[in-house]
K.L.:
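First, the structure itself, so that you have it in front of you.
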Amino acid sequence: MKIILLFASTVLLLANDSSAGDRENIVAHIEQTWREIALKTPIANMGHPDGQWVATSQGGLWEFLSPEEFGAMITDSPNVLAFKPYHINVSIVGEKQDVAYAAYYLAGKILDADRKVIVKNYRTRASQVWVKLDGKWVTIGSHYSPLDSGSGVVFD
């Protein structure tokens, strides 16, 4: 009986360690993504290679964007989205532990092409669904909604 309990405890600890590493990877990816977006140089693997579902904080409907369309939304806009993620929480789910849900806040400013502030109090809630694809975490859905007294995103 002690051997079974010891084995079960070891398996649970290993599963938690694995999930913890995955959580850290997703948090790091979220932080890096927003640094890249602020520089208008979004990283190539921002989402699933087939595309992802996105609902921006400007209040639009869900839309499915290819990686190229998502990247163009950032790079072609005259505005700079200078946001920082806060309080990132990640839950790993699924039988194979290959699906994750991330919830966090974004805060910052939106600048125009001349780096003048056009939105000084951008604050929004963010939630994302991630899947593990070929050993790497990628987003398949992102939803952003403004916080009370905060501004949603402005694309032009």
K.L.:
Could you check whether any side-chain N or O of Asp114 sits under 3.5 Å from a backbone N or O of Lys116, counting only pairs where one atom can act as donor and the other as acceptor?
P.N.:
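Pair absent, no side-chain N/O of Asp114 close to backbone of Lys116.
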K.L.:
With clusters defined by side-chain heavy atoms of hydrophobic residues (ILVMFWY) lying less than 4.5 Å apart, directly or transitively, does Leu81 cluster with Ile88?
P.N.:
yes
K.L.:
Which heavy-atom pair separates Phe64 from Glu69 by the least distance, and what is that distance?
P.N.:
O-OE1, 3.8 Å
K.L.:
Measure across Phe83 and Lys109 and return the closest heavy-atom pair with its distance rounded to 0.1 Å.
P.N.:
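Minimum heavy-atom separation between Phe83 and Lys109: CE2-O, 3.5 Å.
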K.L.:
Please find the pair of heavy atoms, one from Ile92 and one from Arg23, that lie closest to each other, and give the distance.
P.N.:
CG1-CG, 4.1 Å
K.L.:
Could you tell me which non-hydrogen atom of Thr139 sits nearest to which non-hydrogen atom of Gly47, and how far apart they are?
P.N.:
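Heavy atoms of Thr139 and Gly47 come nearest at OG1-CA, 3.3 Å.
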K.L.:
Any chance you could measure Leu65, atom CG, to Met73, atom CE, to the nearest 0.5 Å?
P.N.:
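If we round to the nearest 0.5 Å, Leu65:CG and Met73:CE are 5.5 Å apart.
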K.L.:
Nearest 0.5 Å, what's the CD1-CG distance between Ile26 and Asn89?
P.N.:
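Going from CD1 on Ile26 over to CG on Asn89, the span is 12.0 Å.
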K.L.:
Is any side-chain heavy atom of Ser57 closer than 4.5 Å to a side-chain heavy atom of Leu106?
P.N.:
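The answer is no; the side chains never approach within 4.5 Å.
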K.L.:
Look up atom NZ in Lys40 and atom CG in Asp76, then write down how far apart they are to the nearest 0.5 Å.
P.N.:
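Rounded to the nearest 0.5 Å, the NZ-CG separation comes to 8.0 Å.
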K.L.:
How close do Ser142 and Trp62 get, heavy atom to heavy atom, and via which atoms?
P.N.:
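That closest heavy-atom pairing would be O-CZ3, 3.4 Å.
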K.L.:
Is Lys84 atom NZ crowded by more than 12 heavy atoms from other residues, nucleotides or ligands, each under 6.0 Å away?
P.N.:
no
K.L.:
So do the side chains of Tyr144 and Arg125 get within less than 4.5 Å of each other, counting heavy atoms only?
P.N.:
no
K.L.:
Mind checking the CD1-CG spacing from Ile110 to Asn121? Nearest 0.5 Å is all I need.
P.N.:
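The CG atom of Asn121 is 10.5 Å from CD1 of Ile110, to the nearest 0.5 Å.
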K.L.:
Is there a path of hydrophobic side-chain contacts, each under 4.5 Å between heavy atoms of I/L/V/M/F/W/Y residues, joining Val27 to Trp34?
P.N.:
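Both belong to a single hydrophobic cluster.
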K.L.:
Taking atom CD of Gln52 and atom CZ of Phe70, what is their separation to the nearest 0.5 Å?
P.N.:
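Those atoms lie 5.0 Å apart.
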K.L.:
So Asp98 and Val131, do their side chains get closer than 4.5 Å, heavy atoms only?
P.N.:
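Val131 does not reach Asp98 side chain to side chain.
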K.L.:
Hey, are the side chains of Val117 and Leu111 touching, using non-hydrogen atoms and a 4.5 Å cut-off?
P.N.:
yes
K.L.:
List the atom of Tyr101, the atom of Ser127, and the distance in Å for their closest heavy-atom pair.
P.N.:
OH-CB, 3.2 Å
K.L.:
If the plane angle is over 60° it's perpendicular, under 30° parallel, otherwise tilted; pick one for His87 and Tyr105.
P.N.:
perpendicular
K.L.:
Do Val54 and Ile74 sit in one hydrophobic cluster, given that two such residues count as connected whenever their side-chain heavy atoms are within less than 4.5 Å of each other, even indirectly?
P.N.:
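Per the 4.5 Å side-chain linkage, Val54 and Ile74 are co-clustered.
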K.L.:
Could you check whether any side-chain heavy atom of Ile30 comes within less than 4.5 Å of a side-chain heavy atom of Trp137, counting everything from C-beta outward?
P.N.:
no
K.L.:
Going by heavy atoms in the side chains, are Tyr104 and Gln128 under 4.5 Å from each other?
P.N.:
yes
K.L.:
So how far is it from Gln32 CD to Ile37 CD1, rounded to the nearest 0.5 Å?
P.N.:
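If we round to the nearest 0.5 Å, Gln32:CD and Ile37:CD1 are 10.5 Å apart.
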